[in-house]
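Data first, discussion second: the structure below is written as structure tokens.
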Amino acid sequence: MSKRAKIESLYIVISSFGTVCGVGIDPSSAWRDAVANSGSYTNWKDMALSGSYGITSASATASYEPAELAESFTAWGKLREEHYGKVVSNEQ
């Protein structure tokens with residue numbers, strides 16, 4: 001059964017056509033994501049000054065599968081063990 005998580009604060013770059021072009025936890029990361037996804041811009045300033053993109057804050061609800069998340073933790077744990085040559089605990 002999937003679980004839901006509320007994302008309280010994020011930033012999205014939106015085109016004048018209403019397409020979400022970039023998402024981030026702060027304005028800088030949202031612009032970086034938008035530039036990376038654009039395929040034509042090399043920096044956020046040129047993209048912003050084109051007049052075709054804007055940025056706004058937002059919130060969202062995300063759904064995820066706990067079983068898939070557990071698989072991810074297991075896979076990254078194995079890679080971590082290979083990288084560091086030992087078992088590293090997830091506990092904080």
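Being a predicted model, the structure only gives us computed values, none of them experimental. Quick note: residue numbers are just sequence positions, from 1.
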Any chance NZ of Lys3 has more than 12 other-residue heavy atoms, nucleotides or ligands included, within less than 6.0 Å? no
Within residues 8-28 or reaching into it, pairs that qualify as ring-ring contact (aromatic ring centres under 6.0 Å, His included) - sequence neighbours excluded: none
Which residues end up grouped with Leu79 if you chain together Ile, Leu, Val, Met, Phe, Trp and Tyr wherever their side-chain heavy atoms are less than 4.5 Å apart? Trp76
The remaining residues in the hydrophobic cluster of Ile25, counting side-chain heavy-atom contacts under 4.5 Å among Ile, Leu, Val, Met, Phe, Trp and Tyr, are none
Side chains of residues 45-66: which donor-acceptor pairs under 3.5 Å do they make with residues two or more places apart or in other chains?
from	atom 1	to	atom 2	distance (Å)
Asp46	OD2	Asn43	ND2	3.1
Ser50	OG	Met47	O	2.7
Ser50	OG	Ser52	N	3.2

Pairs meeting criterion side-chain hydrogen bond (donor to acceptor under 3.5 Å, both in side chains) with involvement of residues 18-31, two or more places apart: Asp26-Ser29
The criterion is side chain to side chain contact (heavy atoms under 4.5 Å, CB included); which residues satisfy it with Asn37, sequence neighbours excluded? Asp33
Taking Ile14 as the starting point, is it possible to reach Leu10 by hopping between hydrophobic residues whose side chains are less than 4.5 Å apart? yes
